[in-house]
Amino acid sequence: TVAGPVTDPSIIRTDTGDTIQWIGTVPTGSVLQIDTGTGAVLLNGGNQRPLLSKADFFTIPAASVIDVAFQAPAPSPTAELTAVWADAWI
């Protein structure tokens with residue numbers, strides 16, 4: 001989940017370079033939700049998937065820790081990235 005304000009945010013898995021990049025502006029008070037499991041991309045509930053310029057959806061391997069970078073061409077000191085995950089077993 002990306003909370004604005006931020007323009008053209010990217011989420012980068014630092015060890016692999018896998019990138020999720022969305023082209024657009026997340027205004028103040030708005031939320032961009034990216035579900036890497038389903039591929040859904042919603043801004044305030046509306047479909048924004050066509051605005052993904054890069055969609056290297058990545059997973060977190062079992063019993064692992066990964067680092068991600070949250071970037072934008074013009075960073076905002078109040079923009080925020082929140083990650084949520086669910087345990088899964090096969």
Side-chain angles (χ1 to χ4, degrees):
T1 302
V2 176
V6 65
T7 299
D8 302 339
S10 296
I11 303 164
I12 304 157
R13 182 173 168 171
T14 58
D15 62 336
T16 64
D18 290 341
T19 301
I20 302 166
Q21 183 177 27
W22 184 77
I23 303 300
T25 298
V26 181
T28 300
S30 293
V31 175
L32 179 70
Q33 295 176 301
I34 301 170
D35 187 327
T36 60
T38 66
V41 180
L42 306 172
L43 179 63
N44 298 328
N47 180 27
Q48 297 293 304
R49 171 86 179 175
L51 296 178
L52 280 182
S53 65
K54 200 149 191 206
D56 300 331
F57 294 125
F58 50 84
T59 60
I60 302 172
S64 296
V65 174
I66 66 168
D67 290 319
V68 297
F70 178 48
Q71 299 178 347
S76 165
T78 57
E80 184 174 272
L81 172 68
T82 303
V84 178
W85 69 93
D87 293 329
W89 292 271
I90 296 178

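In this text the structure is predicted, and so the values were computed from the model without any measurement. Here, residue 1 is the first one in the sequence, and each next residue gets the next number.
The backbone N or O of G24 lies less than 3.5 Å from a partner atom in the side chain of D8, making a donor-acceptor pair. Put simply, the side chain of R13 never gets that close to the backbone of I60: no donor and acceptor are under 3.5 Å apart.
In terms of hydrophobic clustering, with Ile, Leu, Val, Met, Phe, Trp and Tyr side chains grouped at heavy-atom distances under 4.5 Å, L42 and L52 are assigned to different clusters.
Summarising the geometry, atom CD belonging to Q21 is positioned 11.5 Å from atom CG belonging to L51; distances are rounded to the nearest 0.5 Å. Atom CG of D18 is separated from atom CD1 of I12 by 10.5 Å, given to the nearest 0.5 angstrom. Interatomic distance, F57 CZ to T38 OG1, rounded to the nearest 0.5 Å: 7.5 Å. Atom OG of S10 is separated from atom CG of D56 by 10.5 Å, given to the nearest 0.5 angstrom.
Proximity of W22 to L32: side-chain heavy atoms (C-beta onward) are separated by under 4.5 Å at one or more points.
I11 pairs in a side chain to side chain contact (heavy atoms under 4.5 Å, CB included) with only one of the listed residues (T19, T36, I34), which is I34.
Across L43 and Q48, no two heavy atoms sit closer than the pair CB-CG, 3.3 Å.
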Below 3.5 Å, can you tabulate the donor-acceptor pairs from side chains in residues 62-77 to any protein atom, sequence neighbours excluded?
{"from": "S64", "atom 1": "OG", "to": "P61", "atom 2": "O", "distance (Å)": "3.2"}
{"from": "S64", "atom 1": "OG", "to": "A62", "atom 2": "O", "distance (Å)": "3.2"}
{"from": "S76", "atom 1": "OG", "to": "P5", "atom 2": "O", "distance (Å)": "2.9"}
{"from": "S76", "atom 1": "OG", "to": "T78", "atom 2": "N", "distance (Å)": "3.3"}
{"from": "S76", "atom 1": "OG", "to": "T78", "atom 2": "OG1", "distance (Å)": "3.3"}
{"from": "S76", "atom 1": "OG", "to": "A79", "atom 2": "N", "distance (Å)": "3.4"}

